[in-house]
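Any value given below was found using the heavy atoms of this structure, including those in side chains, with hydrogens, waters and symmetry copies removed. In what follows, chains carry the letters A, B, and so on, assigned in the order in which the sequence lines appear, proteins first and then strands, with residues in each chain numbered from 1. All values reported here derive from a predicted model rather than from experimental measurement.
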Amino acid sequence: MTVALPRVLDRAELPVDTAELARFLIGKRVVRTLAEGVAGGRVVETEAYGIGDPAGHAYRGITPRIRTLFLERGHAYVYLAYGISFMLNVSSEMPGVGAGVLIRAIEPTDGIAIMARNRGTERVRDLARGPGRLCAALGIDRRLDGIDLCQAGPLWLGSDDQASGDIGQGKRIGITRAADSPLRFYVRGNRFVSGPQSLNR
DNA sequence: TTGGCGATTGGCT
DNA sequence: GCCAATCGCCAAT
């Protein structure tokens, strides 16, 4: 089943601060347009990698790979982690400043059959629970690095279609530097959020 | 030119 | 819970 498509988010709506943007994106929609149809869902988990963050990829300055993290807020930064999984980030600050928000999980709403095929599983809960799974489900790779997410196209951000629920905040997952900063945001109790249950209450 | 490493995942114990 | 898979990047040689 497919829900009516949301409105494309306007860049002016996006908070400039990285942590604020990470919280703002909870409940928004990620929409992927593929040859087979539209796929996507509601954002239920994000992490902020802000200015001067030792865990952020931009910490050591700009390089060719992370160039898109320095684009004006609302652009995609896609990279390959562990040689296995792609990660989708939303650039989050003013042009020339390197920072972003990692989209860690979405609650599938559209194109579930497409995502199931891309993921090789029928279990809806497992389609996009985790940043690598999310990219696999939506067919996101480096070809989408740098695209504008505030414009209708192959991948874009849409408005809320319902209240996002109670938002929790806690430590980020899977990092070693600055590991204790509470920069992860999630919908409390939502079963499409990744990580152990103990972190999602 | 090279070696160590990482914002993960899935399978096995 | 533990661990291997897998590869692009980049700091250091």
Taking only residues two or more places apart in sequence, or in another chain, which ones meet R11(A) in a side chain to side chain donor-acceptor pair (under 3.5 Å)?
D148(A)

Stem list for DNA chain B, please, built from Watson-Crick and G-U wobble pairs under 3.5 Å and keeping only runs of at least 3.
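Stems for DNA chain B, defined as runs of 3 or more consecutive pairs: B:1-6 with C:7-12, B:8-12 with C:1-5.
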
For Y82(A), which fellow cluster members are found when Ile, Leu, Val, Met, Phe, Trp and Tyr are connected by side-chain heavy-atom distances below 4.5 angstrom, either directly or through intermediates?
I84(A)

ILVMFWY clustering at 4.5 Å (side-chain atoms), partners of L34(A)
I114(A)

First-last contacting nucleotides on DNA chain C - partner chain A, under 4.0 angstrom, heavy atom:
dA5(C) to dC10(C)

Test side chain to side chain contact (heavy atoms under 4.5 Å, CB included) applied to F70(A) - qualifying residues, sequence neighbours left out
A58(A), I62(A), I66(A)

Strictly by side chain to side chain donor-acceptor pair (under 3.5 Å), give each pair with a member in residues 61-72 of chain A just once, sequence neighbours left out.
T68(A)-D145(A)

Using the ring-ring contact (aromatic ring centres under 6.0 Å, His included) criterion, which residues pair with Y79(A)? Sequence neighbours excluded.
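Scan of Y79(A) (ring-ring contact (aromatic ring centres under 6.0 Å, His included), adjacent residues dropped) gives H57(A), Y77(A).
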
Side chains of residues 36-56 of chain A: which donor-acceptor pairs under 3.5 Å do they make with residues two or more places apart or in other chains?
unit_1	atom_1	unit_2	atom_2	d
R42(A)	NE	D161(A)	OD1	3.4
R42(A)	NH2	D161(A)	OD1	3.2
R42(A)	NH2	D161(A)	OD2	3.4
E45(A)	OE1	S194(A)	N	2.7
E45(A)	OE1	S194(A)	OG	2.8
E45(A)	OE2	R104(A)	NE	3.1
E45(A)	OE2	R184(A)	NE	2.8
E45(A)	OE2	R184(A)	NH2	3.0
E45(A)	OE2	S194(A)	OG	3.0
T46(A)	OG1	A22(A)	O	2.8
E47(A)	OE1	Y49(A)	OH	2.7
E47(A)	OE2	I173(A)	N	2.8
D53(A)	OD1	A55(A)	N	2.8
D53(A)	OD1	R172(A)	NH2	3.4
D53(A)	OD2	R172(A)	NH1	2.5
D53(A)	OD2	R172(A)	NH2	3.2

Can you pull out every salt bridge (Lys or Arg N to Asp or Glu O under 4.0 Å) where at least one residue sits in residues 74-83 of chain A? Sequence neighbours excluded, please.
none

In the 5'-to-3' direction, what one-character label does each nucleotide of nucleotides 6-13 of chain B receive under the scheme B = base within less than 4.0 Å of a protein heavy atom, S = sugar-phosphate only, - = no such atom?
BBBSS---

Return each pair, listed once, that meets ring pair (Phe, Tyr, Trp, His ring centres under 6.0 Å) where at least one residue sits in residues 156-193 of chain A; pairs must be two or more places apart or across chains.
none

I'd like to know whether CZ of R142(A) has more than 12 heavy-atom contacts from other residues, nucleotides or ligands below 6.0 angstrom.
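More than 12 heavy atoms, drawn from other residues, nucleotides or ligands, come within 6.0 Å of this atom.
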
